Amino acid sequence: MTDVLAIADHRRGELRPVSYELATAGRELADATGGDLHLAVIGGDVESFGEKLARDGVDVVHTVAEGEEFNHDVYTQTIEQLYAALDPQYVLAPNSVNGLDYAPAVAGRLDLPIVTDVVGLELDGDSLVATREMYGGKVETTTELDAGAALATIREGEWPEAEGTGEASIEAFDVDIDEDAVGSTVTGFEEVAGGDVDISEADLLVSIGRGIEEEENLDLIRDLVDALDATLSSSRPIVDAGWLPANRQVGQSGKVVTPDVYLAIGISGAVQHVAGMKGSDTIVAINTDPNAPIMDIADYAIHDDLFDVVPALIEAFE
Ligand SMILES: Cc1cc2nc3c(=O)[nH]c(=O)nc-3n(C[C@H](O)[C@H](O)[C@H](O)COP(=O)(O)OP(=O)(O)OC[C@H]3O[C@@H](n4cnc5c(N)ncnc54)[C@H](O)[C@@H]3O)c2cc1C
């Protein structure tokens with residue numbers, strides 16, 4: 001009982017990036033326990049998902065052909081049966097909408113301690129030590145679980161995605177679902193306003209904050225977005241003001257994004273914002289305040305007025 005079982009996440013026909021992050025977190029934990037990493041994908045196009053998930057560090061990918069979309073009862077029953085068959089020490093799930101739906105139920109059924117929204121995991125002797133954030137990221141806490149087994153949900157964007165093509169075997173797992181206990185099904189999706197864009201999938205984000213001052217200045221920013229062929233996102237005040245829809249918000253109460261480039265324009269870098277974008281590969285910040293927290297984490301900090309810099313960037317990129 002030293003293995004780790006991680007559960008991949010998918011929605012609307014696509015594997016979510018956290019699936020590959022789970023592979024990294026699971027590998028690290030399995031290295032510490034001395035066990036194997038099992039990565040399971042439940043439902044959807046399991047054949048193609050299985051191949052995609054067979055990345056470096058994964059020992060076995062278990063594919064469970066049960067339905068297309070997430071279903072609470074199918075997931076809880078399946079994970080219970082995977083647990084019985086594989087006897088893992090630890091179970092990892094995403095701290096996503098789906099993960100938070102089924103993980104507590106699974107922990108209850110398996111009588112496992114659960115720790116959610118984890119940003120770090122390590123072993124200390126026989127104890128699992130989980131790092132979590134409190135007070136909007138201002139305080140880090142550690143939770144020590146010494147039960148010898150546990151379930152943890154990991155925060156998206158905290159571990160790098162596993163890469164490469166490993167030597168994982170891909171095995172179909174036959175599950176016996178009690179249909180009488182399946183109480184709900186996904187019948188469809190309804191987009192919220194502006195829901196056509198998923199900023200968490202973007203490679204290049206132009207993100208704006210209160211520094212743009214007025215809604216009409218969005219036109220200037222949209223010109224830059226077009227010139228860069230980028231995707232527009234924002235800090236929370238922009239959404240609160242109704243200038244952009246909620247699906248554009250980056251941060252603790254918005255989305256976690258991990259683009260190749262994050263261009264922060266007139267954003268101060270409050271902890272709640274940084275929680276959503278610190279996993280970006282390259283951070284570029286434009287700010288008149290050299291002491292703004294965003295300047296500390298920026299790879300390129302442009303200490304200047306955005307109303308001078310943005311037109312110059314548009315001209316250069318057009
Ligand atoms: C529970 C909770 C959850 C939250 N969740 C989120 C979240 O998910 N996402 C989020 O973003 N926030 C969130 N917040 C809010 C967060 O605390 C900050 O208030 C917010 O991120 C600040 O947004 P901002 O950087 O756009 O604005 P400000 O902090 O006002 O920063 C504006 C920046 O623009 C710069 N600036 C001004 N004029 C110019 C100019 N002409 N040129 C260049 N720079 C200029 C200023 O120097 C300043 O640094 C949350 C808060 C709480 C309490």
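For the numbers below, each heavy atom of this structure counts, side chains included, while hydrogens, waters and symmetry mates do not. In each ligand, atom 1 is the first atom listed, and ligand 1 is the first ligand listed. Note that the coordinates shown come from a computational prediction; the quantities given were computed from them, not determined experimentally.
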No-hydrogen, no-angle side-chain donor-acceptor test under 3.5 Å, Arg210 and Ser235: no

query: Is it the side chain (CB and beyond), the backbone, both or neither of Asp304 that lies under 4.0 Å from ligand 1, heavy atoms counted?
result: backbone

statement: closest protein heavy atom to atom 2 (C) of ligand 1 is Arg236 NH1, 3.6 Å

task: Run the salt-bridge test on Arg27 and Asp56 with the 4.0 Å N-O cut-off and return the result as yes or no.
output: no

message: Looking only at protein heavy atoms, which one is nearest to atom 44 (N) of ligand 1, and what is the separation?
response: Thr288 N, 3.3 Å

task: Consider every N or O of Ser268 and every N or O of ligand 1, then say whether any pair is closer than 3.5 Å.
output: yes

task: Give the contacting part of Ala270 toward ligand 1: side chain, backbone, both or neither, where contact means a heavy-atom distance below 4.0 Å.
output: side chain

- prompt: Got the closest protein heavy atom to atom 17 (O) of ligand 1, with its distance?
  reply: Gln272 OE1, 2.8 Å

query: Which value, rounded to the nearest 0.5 Å, describes the distance between Leu313 atom CG and Leu263 atom CG?
result: 7.0 Å

- request: From atom 1 (C) of ligand 1, work out which of Gln252, Arg210, Met295 has a heavy atom at the shortest distance.
  value: Gln252

statement: Out of Val250, Asn217, Asn287, Asp289, the nearest non-hydrogen contact to atom 46 (C) of ligand 1 is supplied by Asn287

message: With heavy-atom distances below 4.0 Å as the criterion, list the atoms of ligand 1 near Phe307.
response: 41 (N)

message: Measuring from atom CG of Leu244 to atom CG of Leu218, what distance do you get when rounded to the nearest 0.5 angstrom?
response: 5.5 Å

task: Flag Gly266 as yes when one of its N or O atoms lies below 3.5 Å from any N or O atom of ligand 1, and as no otherwise.
output: yes

task: Indicate whether the side chain of Asn287 and that of His303 have a donor and an acceptor atom separated by less than 3.5 Å.
output: no

- prompt: Hey, are Glu47 and Lys52 close enough for a salt bridge, meaning a charged N less than 4.0 Å from a carboxylate O?
  reply: no

task: Look at Arg155 together with Glu133 and state whether they make a salt bridge at an N to O cut-off of under 4.0 Å.
output: yes

task: Tell me which one of Pro290, Pro237, Gly209 gets a heavy atom nearest to atom 23 (O) of ligand 1.
output: Pro237

message: Can you see whether Phe70 has Arg11 sitting over its ring - NZ or CZ less than 6.0 Å from the centre and within 45° of the normal?
response: no

- prompt: Numbering the atoms of ligand 1 from 1, which are under 4.0 Å from a heavy atom of Asp305?
  reply: 40 (C), 41 (N), 42 (N)

- request: Tell me yes or no: between the side chains of Thr153 and Asn95, is some donor less than 3.5 Å from an acceptor?
  value: yes

query: With a cut-off of 4.0 Å, which atoms of ligand 1 are near a heavy atom of Ser253?
result: 3 (C), 4 (C), 5 (N), 6 (C), 7 (C), 8 (O)

query: Which ligand 1 atoms, with their elements, are less than 4.0 angstrom from a heavy-atom of Gly254?
result: 8 (O)

- request: Could you list the atoms of ligand 1 found under 4.0 angstrom from a heavy atom of Gly211?
  value: 32 (C), 34 (O), 36 (N), 37 (C), 38 (N), 39 (C)

- request: Count the heavy atoms of every other residue, nucleotide or ligand shown that sit under 6.0 Å from CG of Asp229, and state whether that count exceeds 12.
  value: no

- prompt: Nearest protein heavy atom to atom 26 (O) of ligand 1, by residue and atom, and its distance?
  reply: Ser235 OG, 2.5 Å

query: Going by distance only, is there an N or O of Leu306 that falls short of 3.5 Å from an N or O of ligand 1?
result: yes

- line: Nearest non-hydrogen protein atom to atom 7 (C) of ligand 1, with distance, is Gln249 NE2, 3.1 Å

task: Classify the side-chain pair Thr282/Asp299 by whether it contains a donor and acceptor separated by less than 3.5 Å.
output: no

